[in-house]
Amino acid sequence: MTTRKAVVLLSGGIDSTTTLAIANSEGYEVYALSFNYGQRHSHELEAAKRIAEYFGVKEHLIMDIDLRAIGGSALTSETEVPKKSAEVLIPVTYVPARNTIFLSFALAWAEVINAEDIFMGANVIDYSGYPDCRPEYIEAFEKMANLATKAGVEGKMRFRIRTPLISLTKAEIIKKGIELGVDYSITWSCYDPQPATPSAFSLQPSAFVPCCRCDSCILRAKGFKEAGVNDPLLSSL
């Protein structure tokens with residue numbers, strides 16, 4: 001019996017980690033794809049490495065692309081990250097066309113390794129309002145994927161963009177991940193990490209900690225509170 005393969009976009013956060021866990025639980029041979037795209041910090045990439053190792057993925061590919069050269073986002077420029085839940089439709093942490101870029105790389109890899117399924121942790125319930133997370137966007141990209149690839153045009157493969165979290169709340173996502181054995185202490189969500197306060201045992205900060213005030217931190221805290229469990233990341237710091 002041929003093992004099904006899947007490319008999973010892995011950022012290192014709650015949603016992508018839970019999505020990877022779902023793909024793993026469905027019996028896919030997982031190929032995790034992360035990006036060093038010029039984001040503000042490397043903590044999420046370090047988290048992605050830990051997660052890929054934790055789940056024993058077949059391969060973890062980290063692509064280097066410089067979206068900082070384009071800018072247009074607080075995550076790829078010196079624009080300050082807002083320190084409260086965004087009150088605008090699309091916040092400044094939106095990275096122009098990021099998911100389209102990421103999915104395009106995922107599609108290329110999927111065609112090469114003969115993986116018909118691409119998993120993405122898009123969500124439209126507890127999220128920041130990014131336009132490239134909506135169901136209509138996912139449907140449009142899937143249609144394009146099958147029109148724009150040799151395998152799709154020749155009918156050898158039918159690409160599917162899988163978004164198992166699309167209509168779940170953050171609390172539901174966390175509960176699902178716990179059911180699947182996700183260790184959320186190795187994930188990272190914060191957009192703007194802060195140096196840890198020196199402890200009584202050390203005069204130098206030994207790590208960075210979540211700011212707990214950016215939109216991503218607020219959504220994470222909301223999810224754990226509504227799920228009725230403590231965030232293991234905060235308790236492990």
Side-chain angles (χ1 to χ4, degrees), residues 9-21 32-57 60 62-68 71 73-87 91-95 98 121 123 126-128 130 170-171 173-175 177-178 180-237:
L9 292 176
L10 178 63
S11 70
I14 285 175
D15 295 348
S16 68
T17 303
T18 306
T19 299
L20 192 156
L33 180 59
S34 304
F35 294 89
N36 178 22
Y37 62 90
Q39 57 266 58
R40 296 178 70 92
H41 59 79
S42 63
H43 297 285
E44 62 182 29
L45 278 179
E46 294 304 316
K49 293 175 185 177
R50 293 192 297 268
I51 294 156
E53 182 177 359
Y54 180 81
F55 282 100
V57 304
H60 182 206
I62 299 177
M63 298 292 301
D64 292 312
I65 52 177
D66 187 13
L67 297 186
R68 183 167 284 270
S73 168
L75 301 189
T76 57
S77 70
E78 301 309 313
T79 301
E80 185 178 354
V81 173
K83 288 302 191 296
K84 61 180 180 178
S85 185
E87 297 179 356
V92 296
T93 50
Y94 161 72
V95 179
R98 180 174 61 179
N123 174 266
D126 288 327
Y127 80 127
S128 297
Y130 301 149
K170 193 70 74 177
I173 292 169
I174 290 168
K175 289 179 180 178
I178 292 173
L180 296 175
V182 173
D183 178 3
Y184 286 115
S185 72
I186 64 175
T187 65
W188 188 269
S189 302
C190 182
Y191 289 148
D192 193 23
Q194 300 298 308
T197 302
S199 69
F201 303 99
S202 174
L203 296 178
Q204 298 295 327
S206 59
F208 282 76
V209 296
C211 72
C212 298
R213 296 168 57 209
C214 70
D215 195 42
S216 187
C217 280
I218 291 170
L219 288 170
R220 181 180 178 121
K222 177 177 180 287
F224 275 101
K225 181 179 179 180
E226 292 179 354
V229 295
N230 294 324
D231 185 346
L233 171 62
L234 298 182
S235 62
S236 68
L237 295 174

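- Annotation: side chain of V182 is not in contact with side chain of Y54 (no heavy-atom distance under 4.5 Å).
- What you find for D183 and S185 is that their closest heavy atoms are OD1-OG, 2.6 Å.
- Contact check on R50 versus E53 returns no salt bridge, with no Lys/Arg side-chain nitrogen under 4.0 Å from an Asp/Glu carboxylate oxygen.
- We find the CG-SG distance between L219 and C214 to be 8.5 Å, quoted to the nearest 0.5 Å.
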Q) Would L45 and Q39 satisfy side chain to side chain contact (heavy atoms under 4.5 Å, CB included), going step by step from the backbone distance to the final call? A) CA-CA 10 Å; L45 278 179; Q39 57 266 58; 4.0 Å; yes

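- If you take OG on S216 and CH2 on W188, they are separated by 10.5 Å, rounding to the nearest 0.5 Å.
- In this structure, the separation between CD1 on I51 and OG on S11 is 7.5 Å, given to the nearest 0.5 Å.
- In the model, R98 has no side-chain atom that pairs as donor or acceptor with a side-chain atom of T76 under 3.5 Å.
- The line from CG of L75 to NE2 of H41 is 7.5 Å long, rounded to the nearest 0.5 Å.
- For F55, there are no ring pair (Phe, Tyr, Trp, His ring centres under 6.0 Å) partners two or more places apart in sequence or in a different chain.
- Contact between F208 and P195 at its shortest, heavy atoms only, is CD2-N, 3.5 Å.
- With rounding to the nearest 0.5 angstrom, the OG1 atom of T18 is 8.5 Å from the NZ atom of K170.
- Nearest approach of L233 to D231, heavy atoms of both residues: N-OD1, 3.0 Å.
- Between the CG atom in L10 and the NZ atom in K49 there is a gap of 12.0 Å [rounded to 0.5 Å].
- Pairing each heavy atom of A227 with each of A171, the nearest pair is N-CB, 3.7 Å.
- Heavy atoms only, all atoms of each residue included: F224 and N230 are closest at CD2-O, 3.7 Å.
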Q: Go through I178 and Y184 one step at a time and tell me if the side chain to side chain contact (heavy atoms under 4.5 Å, CB included) criterion holds.
A: CA-CA 8 Å; I178 292 173; Y184 286 115; 4.1 Å; yes

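- Between R40 and A74, the shortest heavy-atom contact is NH1-O, 2.7 Å.
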